Participant: 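Sending over a structure as structure tokens; questions will come in a sec.
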Amino acid sequence: MRVLLIGSGGREHALALGLASSPGVTLIAAPGNPGIAEVAALRDVDAMNPDAVAALAVEVAADLVVVGPEAPLVAGVADAVRAKGIACFGPTAAAAEIEGSKTFAKDVMRAAGVPTAGSVSTSDLDEVAAALDRFGAPYVVKDDGLAAGKGVLVTDDRDAALAHAAACGRVVIEEYLAGPEVSLFVITDGETAVPLVPAQDFKRIGEGDTGLNTGGMGAYAPLPWTPPSLVPDVLERIVHPTLAEMRRRGRPFAGVLYVGLALTRTGPRVIEFNARFGDPETQVVLALLETPLAGLLRAAATGQLAAEPPLRWRSGAAVTVVVASAGYPESAHKGDVITGADGPGFIHAGTARAANGDLVTAGGRVLSVTATGADLATARDAAYALVDRVSLAGAVIRRDIALAAVENRIRIPD
Ligand code: AMP
């Protein structure tokens with residue numbers, strides 16, 4: 001099977017590792033990155049141009065196209081690929097709106113009776129102020145459109161909340177959901193839903209979950225502190241009603257539905273839906289998946305998921321720690337030399353090769369350093385041991401990834 005993978009970040013490097021190790025797969029990636037280059041032939045493409053991606057899929061005789069990031073999906077890349085008669089893992093533009101518009105996602109959830117935060121969608125600053133006062137602090141203000149995971153402000157500062165709303169235009173103001181967060185990926189062909197192991201990511205830049213939101217500074221899976229009923233419960237109360245509502249609207253959702261949850265006093269509630277794999281949770285979830293990834297994604301892309309055997313998982317746990325460039329998240333320092341990042345476990349997120357062959361920084365999040373172990377503590381130690389081999393001037397690294405879980409400090413409110 002010839003697979004074309006679209007994207008260039010850590011999530012795509014993790015997908016590339018899973019796809020390239022699936023039996024019988026030849027992997028082509030576009031545009032890829034220096035880590036992906038070790039397991040795939042790289043091609044150049046403007047991932048935001050649906051016609052260009054579809055033409056490349058035809059040229060490389062792809063049997064399956066896997067689209068990593070959300071922006072190409074919202075732009076219609078999956079539609080253009082399918083129009084050429086090529087199977088594509090990733091939702092149509094119409095279905096990807098579940099991520100592309102928070103207002104649309106809220107509307108789907110309301111219609112489907114899915115538990116989520118109360119919200120007001122508006123671009124009127126008087127309505128923003130009224131909603132902030134109605135929900136109270138902490139204030140949650142979300143840019144309505146795609147913002148690469150950075151359009152959300154959670155703050156106790158009402159003036160800062162108002163200023164963020166003014167800068168965004170259309171915003172969704174939400175009730176604050178108190179409780180630990182869970183990321184659940186569900187592979188779906190629109191009808192059948194296959195959950196992967198739940199993971200937790202770390203969105204804030206500072207240890208103890210303080211400071212600015214980032215693209216994600218680390219992740220681990222599975223989650224020893226969640227009840228066994230969590231995944232069946234989320235499938236029944238959230239995933240299946242949402243998929244049914246999307247079918248009812250003539251926008252069946254096929255691909256991976258990322259369900260971002262808060263485990264609140266009143267049960268799991270949706271913080272957000274995404275239309276693609278999360279980064280960096282993908283790095284840990286796929287590190288544990290034993291079932292070949294390519295066959296699973298092809299089954300989802302071709303409506304065959306119901307016929308797939310149950311997924312097989314490695315025992316133990318996986319942890320990933322992000323190494324970011326100096327100044328992240330306010331800025332991303334490019335061109336700084338990275339050494340020590342050779343061998344298994346060094347997933348490339350924002351790297352490039354300089355003319356002299358040096359590995360250099362090319363974005364905010366540079367590496368996603370991933371290790372597995374017999375249990376969470378062992379996996380965590382192994383991931384930080386790899387991190388300590390990396391040399392990068394001014395590197396920004398959280399040292400507390402998975403620590404609260406290892407120390408059994410995570411509580412679901414009751
Ligand atoms: P999102 O991009 O919607 O995932 O939001 C980014 C982060 O902001 C989430 O991972 C949460 O940590 C936080 N967040 C978003 N919405 C809420 C909410 N309603 N209540 C509490 N925290 C939230």
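Counting starts at 1 for both ligands and their atoms, following the listed order. Since we're looking at a predicted model, the values are computed, not measured. Just the heavy atoms: all of them, side chains too, but no hydrogens, waters or symmetry mates, feed the values below.
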Participant: List every atom of ligand 1 that sits less than 4.0 Å from any heavy atom of Lys102, numbering the atoms from 1 in the order shown and giving each element.
Facilitator: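 Those of ligand 1 that fall under 4.0 Å from Lys102 are 2 (O), 3 (O).
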
Participant: What do we get for Glu175 next to ligand 1 when only non-hydrogen atoms under 4.0 Å count, side chain, backbone, both or neither?
Facilitator: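 It is the backbone that touches ligand 1; the side chain stays farther off.
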
Participant: Tell me the side chain to side chain donor-acceptor pair (under 3.5 Å) pairs involving residues 239-263, sequence neighbours left out?
Facilitator: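 Applying side chain to side chain donor-acceptor pair (under 3.5 Å) to every pair that reaches into residues 239-263, excluding sequence neighbours, yields Glu97-Arg251, Asp107-Arg249, Ser183-Tyr258, Glu245-Arg248, Glu245-Arg249, Tyr258-Glu281.
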
Participant: So if I count the atoms of ligand 1 from 1 in the order they appear, which ones are less than 4.0 Å from some heavy atom of Tyr176?
Facilitator: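 The list of qualifying atoms is 20 (N), 21 (C), 22 (N).
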
Participant: Of the backbone atoms (N, CA, C, O) and the side-chain heavy atoms from C-beta on, which set of Leu177 has a member under 4.0 Å from an atom of ligand 1: side chain, backbone, both, or neither?
Facilitator: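 For Leu177, backbone and side-chain atoms both sit under 4.0 Å from ligand 1.
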
Participant: Kindly write out the residues that satisfy side-chain hydrogen bond (donor to acceptor under 3.5 Å, both in side chains) with Asp157, not counting sequence neighbours, or none if the list is empty.
Facilitator: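 In terms of side-chain hydrogen bond (donor to acceptor under 3.5 Å, both in side chains), with neighbours along the sequence ignored, Asp157 is linked to no residue.
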
Participant: To which of Glu181, Arg269, Glu174 does the heavy atom nearest atom 19 (N) of ligand 1 belong?
Facilitator: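 Shortest heavy-atom distance from atom 19 (N) of ligand 1: Glu174.
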
Participant: Checking Thr361 side chain against Gly363 main chain: does a donor-acceptor pair fall under 3.5 Å?
Facilitator: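 Judged by distance alone, no pair lies under 3.5 Å.
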
Participant: Which is it for Phe89 and Leu296 under the side chain to side chain contact (heavy atoms under 4.5 Å, CB included) test, yes or no, and what are the steps along the way?
Facilitator: CA-CA 10 Å; Phe89 181 79; Leu296 176 66; over 6 Å; no

Participant: Enumerate the atoms of ligand 1 whose separation from the nearest heavy atom of Lys203 is less than 4.0 angstrom.
Facilitator: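 Selected atoms, number and element: 4 (O), 10 (O).
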
Participant: Would you say Arg110 and Ser119 are linked by a side-chain donor-acceptor pair, where the criterion is simply a distance under 3.5 Å?
Facilitator: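 Yes, Arg110 and Ser119 have a side-chain donor paired with an acceptor closer than 3.5 Å.
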
